[in-house]
Amino acid sequence: MSATPMPQPIDERALVSKITWKIIPFVFILYVISYLDRANIGYAALQMNKELALSSEAFGLVSGIFFIGYFLFEVPSNVALNRFGARIWIARILLTWGVISVACGFVQNATQLYILRFLLGVAEAGFFPGIIVYLTYWFRQKELATTVALFTAAIPVSYIIGAPVSTWIMDNVNWLGWSGWRWMLVLEGVPAVVGGVLCFLYLTDRPHQATWLTQAEKDWLQAEQDKDRKSRPAAVHLDLGRTIANPRVLYLSFIYFVYQCGSLGTGYWMPQIIKSFSARLSHTQVGLIAMIPYLIATIAMICWSRSSDKRNERRLHSAIPLGVAAVAMLATGLVTDPVASIAMISLTLAGLYAFKSPFWALPTLFLSRESASVSIAIINSIGNLGGFVGPFFIGYVKGSTHSATTGLMLLAGLVCVAFLMTVFIRIDQRKNAAEGARASAH
């Protein structure tokens with residue numbers, strides 16, 4: 001009888017690289033499309049506000065109402081994703097938000113824009129936490145911050161791409177007598193529809209379903225995931241109600257709420273801040289200048305997440321960028337020189353984006369994967385209300401004072417509070433184990 005062949009050892013680095021190249025570039029592109037459709041309203045405002053007679057307060061509401069819809073439907077959408085699977089549900093999200101994004105180009109007044117921006121938030125709800133949870137099926141805890149950073153780097157990259165492309169369309173595309181901002185919204189909505197179809201055809205829900213992995217690779221990956229779970233004995237499994245009421249989940253939700261106030265308050269108003277440097281700047285020039293802070297933020301985000309993974313440390317790697325962002329945001333509101341202003345905006349965004357990846361690894365330290373998936377949806381849902389408050393608040397202050405300076409300074413104070421809260425996060429291993437025992441007993 002011939003001897004049974006010995007299984008070939010798995011090249012860990014090669015397999016992780018294989019999975020990374022299969023998944024990350026695709027979800028990265030999807031997230032670029034997502035943020036392009038959500039954030040291009042900031043560039044549209046350079047023409048749209050005048051054409052639709054939108055005041056600063058009205059534009060702040062247009063920017064922020066997206067997050068009301070997002071908030072209301074985030075958790076239900078994430079529950080549906082767990083039920084239907086990532087491939088089907090994320091494809092649905094993309095298709096619906098693409099159609100609504102295109103429809104925004106046809107609005108005739110502020111009310112129609114309010115309604116469609118609200119529906120855009122409803123359509124997109126669940127996309128980000130769904131992808132984060134999806135990544136946990138394929139990557140281990142020790143790779144998670146870097147993996148999430150490679151995915152969420154799509155946010156600043158979407159601005160890097162979107163800034164010059166959006167403003168170029170506005171300056172140069174006026175087909176059929178339509179304004180450039182309308183064509184910009186229509187043309188940038190189409191990729192989401194295409195992405196939805198490709199998502200359905202391309203994504204694989206779970207590793208055991210992957211035809212592009214060998215059986216040995218599937219077995220190794222499952223064993224590593226099991227080992228990951230066993231290495232976190234303090235991870236608690238809670239039902240939906242207990243997860244929503246968990247004090248640490250609510251604590252992280254408030255931190256993310258304040259973070260979003262500062263991040264989106266700065267991002268949505270940045271084109272108008274840059275435009276205020278000189279009336280002679282064209283829309284395209286505004287877009288090119290706006291690329292600079294996001295290029296710097298992208299580099300900072302990836303480098304900082306690698307540091308977090310290398311040291312396996314999340315709390316301080318979440319806190320320090322918030323402290324940097326708070327100081328830089330305060331300085332942004334005080335300086336008047338255009339070069340110094342862009343430098344401070346760049347430092348602000350570098351801090352705000354570097355915060356993301358270590359922060360999203362925190363829930364997995366004290367909750368099981370199933371509970372963490374719901375907690376991420378809850379944190380993202382509550383936190384994204386800051387996306388309503390930040391832009392609207394700056395719009396209100398700007399409308400009252402004709403300057404965004406006061407709004408930026410107050411947002412800097414809020415980000416400083418988030419910094420202090422993150423510094424003092426404590427994860428009590430014994431308490432988590434006790435909670436886990438009680439939850440199991442029920």
Side-chain angles (χ1 to χ4, degrees), residues 26-49 51-52 54 59 62-67 69-70 90-108 112-125 127-128 152-176 178-199 264 267-272 274 282-291 294 298 387 391:
F26 184 70
V27 296
F28 177 91
I29 292 170
L30 296 184
Y31 206 29
V32 168
I33 295 170
S34 165
Y35 249 79
L36 193 60
D37 286 340
R38 134 181 355 185
N40 59 12
I41 199 74
Y43 299 102
L46 299 172
Q47 291 179 344
M48 178 187 70
N49 286 7
E51 187 169 323
L52 298 183
L54 297 180
F59 173 71
V62 165
S63 301
I65 201 170
F66 168 94
F67 295 99
Y70 204 102
I90 293 173
R92 192 285 305 164
I93 290 173
L94 283 156
L95 287 169
T96 51
W97 103 48
V99 170
I100 294 169
S101 294
V102 170
C104 286
F106 293 84
V107 298
Q108 299 300 314
Q112 293 175 4
L113 192 56
Y114 294 150
I115 293 170
L116 286 176
R117 287 286 295 178
F118 173 81
L119 292 177
L120 186 63
V122 172
E124 195 179 322
F127 176 72
F128 175 77
T152 53
I155 301 173
V157 168
S158 70
Y159 285 98
I160 293 168
I161 297 171
V165 171
S166 298
T167 49
W168 184 89
I169 292 172
M170 289 169 60
D171 278 342
N172 296 281
V173 180
N174 301 103
W175 306 324
L176 304 176
W178 264 22
S179 301
W181 68 270
R182 293 184 183 276
W183 279 113
M184 185 261 290
L185 295 177
V186 169
L187 293 175
E188 292 182 357
V190 172
V193 178
V194 176
V197 176
L198 294 178
C199 178
L264 294 164
Y268 279 136
W269 283 93
M270 188 173 67
Q272 295 181 62
I274 294 172
S282 68
H283 298 138
T284 303
Q285 288 171 328
V286 170
L288 291 172
I289 294 171
M291 289 175 60
Y294 289 107
T298 303

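Just so it is clear, the model here is predicted, and its values are computed rather than measured.
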CD1 of I93 to CD1 of I90, rounded to nearest 0.5 Å, is 6.5 Å
Partners meeting salt bridge (Lys or Arg N to Asp or Glu O under 4.0 Å) with E124 (sequence neighbours left out):
R38
Distance col, row F67:CZ vs L120:CG, nearest 0.5 angstrom, shows 9.5 Å
What are the two closest non-hydrogen atoms of D37 and A192, and how far apart are they?
OD2-CB, 3.7 Å
What's the shortest heavy-atom distance between A153 and T298, and which atoms?
CB-CG2, 4.3 Å
Please check this pair: side chain of W183 against backbone of W175, looking for a donor-acceptor N/O pair closer than 3.5 Å.
yes
How close do P164 and L288 get, counting heavy atoms only, and between which atoms?
CB-CD2, 3.9 Å
Quick one: does S166's side chain have a donor or acceptor within less than 3.5 Å of a partner on A163's backbone?
no
Quick one: list whatever passes side-chain contact (heavy atoms from CB on, under 4.5 Å) with V190, sequence neighbours left out.
V102, V194
Would you name the heavy atoms of C199 and L94 that are closest together and state the gap between them?
CB-CD1, 4.0 Å
Atom CH2 in W168, atom OG in S282: separation rounded to 0.5 Å?
13.0 Å
With sequence neighbours left out, what residues match Y31 under ring pair (Phe, Tyr, Trp, His ring centres under 6.0 Å)?
Y35, F127, F128, F151
In this structure, CD of Q285 is separated from OG1 of T167 (nearest 0.5 Å) by 9.5 Å
Nearest 0.5 Å, please: how far is CG in L116 from CD1 in I65?
10.5 Å
Would you give the length of the straight line joining atom CD1 of I100 to atom CD1 of I115, rounded to the nearest 0.5 angstrom?
12.0 Å
Sorted by chain and residue number, the side chain to side chain donor-acceptor pair (under 3.5 Å) partners of S101 (sequence neighbours excluded) come out as none
Partners passing side chain to side chain donor-acceptor pair (under 3.5 Å) against T284 (at least two apart in sequence or in another chain):
D171
Under the ring pair (Phe, Tyr, Trp, His ring centres under 6.0 Å) test, which residues partner W181, sequence neighbours left out?
none
If you apply the rule side-chain contact (heavy atoms from CB on, under 4.5 Å), what do you find for Q47 with H283, and how did you get there?
CA-CA 9 Å; Q47 291 179 344; H283 298 138; 3.6 Å; yes
For the residue pair A91 and G196, what are the closest heavy atoms and their distance?
CB-O, 3.3 Å
Heavy-atom nearest pair, I41 first then R117, reads CG2-NH2, 3.7 Å
Partners of F106 by ring pair (Phe, Tyr, Trp, His ring centres under 6.0 Å), sequence neighbours excluded?
W178
Those residues that, when tested against L95, pass side-chain contact (heavy atoms from CB on, under 4.5 Å) (two or more places apart)
V193, V197
Residues that L54 engages under side-chain contact (heavy atoms from CB on, under 4.5 Å), provided they are two or more places apart:
M48, N49, L52, A58, V62, A110, L113
Can you name the residues that form a side-chain contact (heavy atoms from CB on, under 4.5 Å) with I161, not counting sequence neighbours?
V32, V157, V165
With salt bridge (Lys or Arg N to Asp or Glu O under 4.0 Å) as the rule and sequence neighbours excluded, what pairs involving residues 179-197 come up?
E51-R182
